[in-house]
Number of protein chains: 2
Amino acid sequence: MKIGELARVTGANIETIRYYERIGLLPEPQRTAANYRSYGEAHRSRLAFVRHSRDLGFTIEEIRSLLDLSDHPERDCGEADRIATGHLEQVEAKIAQLEVLRDELARIVGRCRGGLAGDCRVIEALGNHRMCESHHA
Amino acid sequence: MKIGELARVTGANIETIRYYERIGLLPEPQRTAANYRSYGEAHRSRLAFVRHSRDLGFTIEEIRSLLDLSDHPERDCGEADRIATGHLEQVEAKIAQLEVLRDELARIVGRCRGGLAGDCRVIEALGNHRMCESHHA
DNA sequence: ATGCACCCTGTAGCAACTACAGGGTCAAGG
DNA sequence: CCTTGACCCTGTAGTTGCTACAGGGTGCAT
């Protein structure tokens, strides 16, 4: 299959596929006589792994390690679990941080009663951290 | 006050302050005889506004608009409210998205019972979206 | 032969910084 | 007087994970 079809079946963008190849996440595929990239099932599956991991928020470097484990079935699974657990913790931390922001923003937005910028509570609050209830980031 | 002191009192990084000046968020300050930047209270307050807004997750362009309103007290406050409300909605959307990821990750991580990578449920799940319960991003 | 969809390489851009390299300034201590 | 150290300057390149060209080639149908 050519790159366009691989893009269609995986939902990835063509440029992204070439980018993954360039940074070594995907192996260089064979080429047709016309120098077109030619992919098989192994490539499709590897790209699906990468896209799925990216959708779950793993970084490229984390995915590199996960793929490496996947390529060496004799290794210990603990590393994969460690990466995933670490990532889960980061996601949880990010959620917690965004919730603080959300509450602070909601408080600020709720103060607007319309009128002129000079009297605006929103702008005033942005200039003055002491008006905040919590110590967001 | 010189740039180092401004950085200390606002918690911003020196390079970031110069960056804000370069992109026009902060006005060019006066210079001392030695060509050092020299800041006053107006700069401090403007930088505090910027840092606070960034901490709340506003983009540089949103902050540019907010600063513009702050510089024109006779304008309507509605624009500030519109920006803040829009941003709040984005934060809420991001939280919702991360919560889906978190649940999916927790499910994947929970499957690991140790052992070899070849049998690893974590790696298997990453390669296979059909094992997911929800349609995360 | 010409239009069109597809493919190629290589480079530049995005956000919002951060990190140098390579230099100047200034006050205190020996 | 000289050096050491802390500070400041400009300008450029790197970060992450793509995305968007520019400028060209290929392959098939009309």
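The figures that follow rest on heavy atoms only: side chains count, while hydrogens, waters and symmetry mates do not. Here is how names work: the chains are called A, B, and so on, in the same order as the sequence lines, proteins then strands, and each is numbered from 1.
A donor-acceptor pair under 3.5 Å is formed between the side chain of B:Arg46 and the backbone N or O of B:Leu25. Judged by distance alone, the side chain of A:His72 and the main-chain N or O of A:Leu69 form no donor-acceptor pair under 3.5 Å.
The residue A:Arg37 sits close only to the backbone: its heavy atoms come under 4.0 Å of sugar-phosphate atoms, none of a base. At the heavy-atom level, B:Thr32 lies nowhere under 4.0 Å from the strands shown. Using a 4.0 Å heavy-atom distance criterion, A:Arg51 is classed as a sugar-phosphate-only contact. As judged by a 4.0 angstrom heavy-atom cut-off over every strand, A:Ile3 is placed among residues touching the sugar-phosphate backbone only. Using a 4.0 Å heavy-atom distance criterion, A:Tyr20 is classed as a sugar-phosphate-only contact. In this structure, B:Arg54 reaches the sugar-phosphate backbone alone: every heavy-atom distance under 4.0 Å involves primed, P, OP1 or OP2 atoms, never a base.
For B:Ile23 and C:dT18, the CD1 to P distance is 12 Å, given to the nearest whole Å. The separation between B:Ile17 atom CD1 and C:dA19 atom C1' is 16 Å, rounded to whole Å. Distance OH (A:Tyr19) to P (C:dC14): 17 Å, rounded to an integer number of Å. The distance from atom CE of A:Met1 to atom C1' of C:dC7 is 16 Å, rounded to the nearest whole Å. Distance, B:Glu5 CD to D:dC7 P: 11 Å, rounded to whole Å. Here D:dC8 presents its P atom at 17 Å from CD of B:Gln30, a figure rounded to the nearest Å. B:Asp55 has its CG atom 13 Å from the P atom of C:dA16, to the nearest Å. The separation between B:Ile63 atom CD1 and C:dA16 atom P is 8 Å, rounded to whole Å.
Regarding contacts with the backbone of C:dT25, every side-chain N or O of B:Arg31 stays at 4.0 angstrom or more from both OP1 and OP2. Within the structure, every side-chain polar atom (N or O) of A:Arg18 is placed at least 4.0 Å from both OP1 and OP2 of C:dT9. In this structure, B:Thr16 reaches the C:dT18 phosphate: one of its side-chain N or O atoms is under 4.0 Å from OP1 or OP2. One finds no side-chain N or O of B:Arg22 lying less than 4.0 angstrom from the OP1 or OP2 phosphate oxygen of D:dG11. Applying the 4.0 Å criterion to OP1 and OP2 of D:dT19, one finds that A:Asn13 has a side-chain N or O inside that range.
Residue A:Glu28 qualifies as open at atom CD: its count of foreign heavy atoms under 6.0 Å is 12 or below.
Between A:Arg18 and A:Glu15, at least one side-chain nitrogen of the basic residue sits less than 4.0 Å from a carboxylate oxygen of the acidic one, meeting the salt-bridge criterion.
For B:Tyr36, taking side-chain heavy atoms from C-beta onward, the closest of the listed nucleotides D:dA20, C:dG24, C:dC6 is C:dG24. When distances are taken from the side chain of B:Ile60 to each of D:dG27, C:dC17, C:dT25, the shortest belongs to C:dC17.
From B:Ile95, atom CD1 reaches atom CD1 of A:Ile95 across 8.0 Å, with rounding to the nearest 0.5 Å. Taking CG of A:Leu26 as the reference point, atom OH of A:Tyr19 lies at 11.5 Å (rounded to 0.5 Å).
Take the nearest nucleotide of DNA chain D for B:Glu15 and for B:Lys2: the residue whose nucleotide is more 5' is B:Lys2.
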